[in-house]
Amino acid sequence: MPITPRTLKGFRDYLPAAAMPREWIVETARRVYRSYGFRPIDTPALEYLEILTGKGSDETDKQLYRFTDHGGRDVGLRFDLTVPLARFVAQHAQEVGLPFKRYHIASVWRGENTQAGRYREFMQCDFDTVGTTALTADIEMVLVVNDLLTALGISAFTIRVNHRAVLNGLLEKLGLAGKSAAVLRALDKLGKIGAEGVTAEMAKTAETTEQQNAALLSLASLQGDNTTILAELKKLVAGDETGERGVTELHELVAATAAAGVPAGRVQLDPSIARGLDYYTGVVIETQLDELPGIGSVASGGRYDNLASTFTKQELPGVGASLGLDRLLAALEELGRLPAVSTPADALICLFDADRRDAYLALAAQLRAAGTGVEVYPEAKKLGKQLQYADKQGFAAAVIIGQSEFDAGEAQVKHLASGESATVAYDGRDANAIAAEIRRAVDAAAVDHG
RNA sequence: GUGGCUGUAGCUCAGCUGGUUAGAGUGCCAGAUUGUGAUUCUGGAUGUCGUGGGUUCGAGUCCCAUCAGCCACCCCA
């Protein structure tokens, strides 16, 4: 009796058509991160349970995949890349040096309930700068997000920025400093449940008074251009040192990103952005696609004061963000913005004559050396079958060389999209003419796909 | 974790109040003088009706459980 092939809830297979755009995004993220000097690291998927639970809330504890390994150790699968980073830095700060800029693209696991775009195994693309409190790093975080989405071919997006110090400053003034987590979590839902919903939740979870609610909502509902919001924020937190510091930093960040060339309007102050996570202490950002606001933030992050307090006495402040790969992928697909890639190679070399196999493989080597990815059909099936395969796999071109071509010292390059064939010279050694013709087919196909 | 909706050929779905050998489109396979695909024509195969129990003379159709997907809450990427 065969075993039914199936996958666990929240875990997925990626077929080539899905894996290719995914890799494209990952490669783009990698390229952008590296262009800022972020360095790659990797850490084990499995950690000692105490590493993962040390800092986590009850919520993350519940979502944790945990078990006892064969040696009787309590272990768990990482549920984000931040905790492993904290452990990593506490363990290796001496070796890597500070400030430490790293990126980490890897899978994480959370045993929570699934939904569209929410899985139990998903990939995070984090980048962080650890070991400095300088606002430069916060500014850079915004620049990286801007560059990354731009590199992915997206132009209509808004990076919403807020500052925890501004929120905390107001909370201090209102005497709610001890209830910040509950209040912020409620405020974060403003866009979703509205002012009344937020009021109700705050009253319930943080026992806020009417005056407190009114003050908090007046802050979170602030709208307008950055200059207007900064002026209003300044008034609201006046007299509170924490809040004033936050406003100053927001002011500097807005100016700096503009100076660095981020288009006007793309960085938008939004006092309602709180981010539910407790550990944020400074700048927080969320990134919204203007054409698809409903999908939520596709890149989020912020500043934290002390990354690794559970692992070391050394204070390790930092700032970083994470790209929501799966969410972004879903969004790009919905917007029809995914590049139409279906095979990583550009052309298929038809294996016309089984006796000439080595000649075809030699041609493939020559084309690869010329920078053209090619696949050689493995067996001498009917030409029609081979072309059918080439078409189905989405190759831009098929290279056909049979007896008559070999005799004439030429090759046929068929453009699969148009059906037209070009005959180019090929003496068995110099494949540059073929490579050039394949390139033409690839370019033509790219134009077709917009 | 709580509540709701859904689950029929590879894919998208039809199958009225339970009744004989479960259908369509698309895809797939084969062929239309054996060196040219995707369009056309002809022919063909395909389903333990998610899985396991139960009710019934009889269940794709009703009940329960389970697995998986979707939606809301929660939380977040």
Side-chain angles (χ1 to χ4, degrees), chain A residues 1-13 15 17 25 29 56-64 78-82 105-126 181 184-186 188-189 192-193 197 201 205 274-278 280 286-287 294-301 321-331 342 348 350-353 356 377 380-407 412-421 423 445 448:
Chain A
M1 177 117 178
I3 295 162
T4 306
R6 55 187 185 147
T7 47
L8 282 165
K9 180 184 177 73
F11 290 72
R12 300 168 296 160
D13 287 327
L15 274 60
I25 293 179
S57 58
D58 296 346
E59 196 60 43
T60 53
D61 277 8
K62 260 193 268 175
Q63 299 181 351
L64 202 58
R78 63 178 172 221
F79 57 88
D80 70 9
L81 299 178
T82 305
I105 298 173
S107 292
V108 303
W109 296 268
R110 291 183 197 172
E112 65 180 334
N113 229 336
T114 56
Q115 220 165 306
R118 283 178 71 169
Y119 309 97
R120 289 183 170 176
E121 177 182 58
F122 58 96
M123 190 162 272
Q124 290 198 321
C125 309
D126 277 31
L184 294 181
R185 207 170 298 133
D188 206 39
K189 294 178 200 162
K192 205 171 183 182
I193 60 179
E201 182 167 334
T205 60
R275 313 267 322 129
L277 298 172
D278 314 341
Y280 287 126
E286 289 192 355
T287 311
I295 199 156
S297 174
V298 295
S300 319
S322 184
L323 178 72
L325 178 64
D326 292 290
R327 223 173 239 190
L328 194 56
L329 200 56
S342 42
L348 180 75
C350 296
L351 199 144
F352 219 129
D353 179 350
R356 303 254 196 191
Y377 198 82
K381 270 199 186 159
K382 289 196 341 189
L383 188 59
K385 292 293 170 203
Q386 298 191 38
L387 288 171
Q388 198 172 46
Y389 172 84
D391 184 56
K392 190 181 170 189
Q393 302 303 321
F395 288 96
V399 179
I400 302 168
I401 309 179
Q403 189 61 50
S404 56
E405 282 83 1
F406 275 115
D407 290 346
Q412 196 189 131
V413 178
K414 190 177 175 88
H415 295 219
L416 274 318
S418 66
E420 289 163 21
S421 285
T423 301
D448 278 356

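Throughout, protein chains are lettered first and strands after them, A, B, ... in sequence-line order, and every chain is numbered starting at 1. Computation of the quantities below employed the complete heavy-atom set of this structure, encompassing side-chain atoms and omitting hydrogens, waters and symmetry-equivalent molecules.
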State whether the side chain of S297(A) and the backbone N or O of E286(A) hold a donor-acceptor pair below 3.5 Å, judged by distance alone.
-> no

Backbone of E121(A) reached by a side-chain donor or acceptor of R110(A) within 3.5 Å = no

For atom P, what is the distance between rC13(B) and rC70(B), given to the nearest Å?
-> 14 Å

From rG35(B), rC74(B), rC76(B), nucleotide with atom closest to E201(A) side chain | rC74(B)

Length of the line joining D391(A):CG and rC28(B):P, which is rounded to integer Å = 10 Å

Can you check the Q115(A) CD to rG3(B) C1' distance for me, whole Å?
-> 13 Å

Counting only N and O atoms by type, is there a donor-acceptor contact under 3.5 Å from the side chain of R327(A) to the main-chain atoms of R118(A)?
-> no

What does E420(A) touch in the nucleic acid at a heavy-atom separation under 4.0 angstrom: a base, only the sugar-phosphate, or nothing?
-> nothing

Please measure how far the C1' atom in rU6(B) lies from the corresponding atom in rU51(B), and state the result in whole Å.
-> 16 Å

Integer angstrom distance from the C1' of rG18(B) to that of rG10(B) | 30 Å

Do the ring planes of F395(A) and Y389(A) sit parallel (below 30°), tilted (30 to 60°) or perpendicular (above 60°)?
-> tilted

Base of rA77(B) and ring of F122(A) stacked, centres under 5.5 Å, planes under 30° = yes

On a whole-Å scale, what distance lies between the C1' atoms belonging to rC29(B) and rC76(B)?
-> 47 Å

Residues forming a salt bridge (charged side-chain N to carboxylate O under 4.0 Å, His left out) with K189(A), sequence neighbours excluded = E201(A)

Rounded to whole angstrom units, what separation is found between the CD atom of Q393(A) and the C1' atom of rA38(B)?
-> 13 Å

Select base, sugar-phosphate, or nothing to describe what Y119(A) touches, counting heavy atoms under 4.0 Å on all strands.
-> base

Considering only atom C1', compute the distance from rG15(B) to rU34(B) and round it to an integer number of Å.
-> 44 Å

Set of residues satisfying side-chain hydrogen bond (donor to acceptor under 3.5 Å, both in side chains) with respect to D407(A), sequence neighbours excluded | Q403(A)

For rU36(B), does either OP1 or OP2 sit under 4.0 Å from a side-chain N or O belonging to Q386(A)?
-> no

Any idea which of rA38(B), rU36(B), rC76(B) is nearest the R110(A) side chain?
-> rC76(B)

Nearest to the side chain of L8(A) - rG31(B), rG1(B), rA68(B)?
-> rA68(B)

Closer to the 5' end of RNA chain B via nearest nucleotide, is it E112(A) or L416(A)?
-> L416(A)

Whole-Å distance between rG27(B) P and Q388(A) CD?
-> 12 Å

State whether K385(A) places a side-chain N or O below 4.0 Å from either non-bridging phosphate oxygen (OP1 or OP2) of rC29(B).
-> no

K9(A) side-chain N/O to rG69(B) phosphate OP1/OP2 under 4.0 Å = yes

What nucleotide among rA72(B), rG37(B), rG69(B) has an atom nearest to a side-chain atom of K414(A)?
-> rG37(B)

How close or far is atom C1' of rC67(B) from atom CZ of R6(A), stated in whole angstroms?
-> 6 Å

What interatomic distance, in whole Å, is found between C1' of rG53(B) and the corresponding atom of rG69(B)?
-> 23 Å

Using the C1' atom as the reference point in each nucleotide, state the distance between rC63(B) and rA45(B) in Å, no decimals.
-> 37 Å

Would you mind telling me which of rC71(B), rC75(B), rA77(B) lies closest to the side-chain atoms of K189(A)?
-> rC75(B)

Given I401(A) and F406(A), is the side-chain contact (heavy atoms from CB on, under 4.5 Å) satisfied, shown in steps?
-> CA-CA 6 Å; I401(A) 309 179; F406(A) 275 115; 3.7 Å; yes

Write down the atom of G10(A), the atom of T114(A), and the distance for their closest heavy-atom approach.
-> CA-CG2, 3.5 Å

R185(A) side-chain N/O to rC75(B) phosphate OP1/OP2 under 4.0 Å = yes

A correct dot-bracket answer for RNA chain B, with pairs being Watson-Crick or G-U at under 3.5 Å, [ ] for crossing pairs and | for inter-strand pairs, is (((((((..((((.....[...)))).(((((.......))))).....(((((..]....))))))))))))....

With sugar-phosphate meaning primed atoms plus P, OP1 and OP2, does G111(A) contact a base, only sugar-phosphate, or nothing at under 4.0 Å between heavy atoms?
-> nothing

Looking for any heavy atom pair under 4.0 Å, which part of the strands does K381(A) touch: base, sugar-phosphate only, or nothing?
-> nothing

Would you indicate which nucleotide in rG69(B), rU36(B), rC74(B) comes nearest to any side-chain atom of I400(A)?
-> rU36(B)

When the distance from NZ of K392(A) to C1' of rU26(B) is rounded to whole Å, what number comes out?
-> 13 Å

On RNA chain B, more 5' by nearest nucleotide between R12(A) and R118(A) is R12(A)

Select one nucleotide: of rU36(B), rC75(B), rG35(B), the one nearest the side-chain heavy atoms of S404(A).
-> rG35(B)

Expected output: side-chain Q386(A) to main-chain L351(A) donor-acceptor under 3.5 Å = yes

Test item: side-chain donor near acceptor, S421(A) and Q412(A), under 3.5 Å = yes

Rounded distance in Å - CD (Q63(A)) to P (rU2(B)) = 14 Å

Minimum-distance nucleotide (side-chain atoms of F352(A) versus rG35(B), rC74(B), rG37(B)) = rG35(B)

Pairwise C1' distance for rG44(B) and rC5(B), with rounding to whole Å = 39 Å

From the candidates rC74(B), rG37(B), rA72(B), the one with an atom nearest any side-chain atom of N113(A) is rA72(B)

Provide, to the nearest angstrom, the distance between the CG atom belonging to L351(A) and the P atom belonging to rG35(B).
-> 14 Å

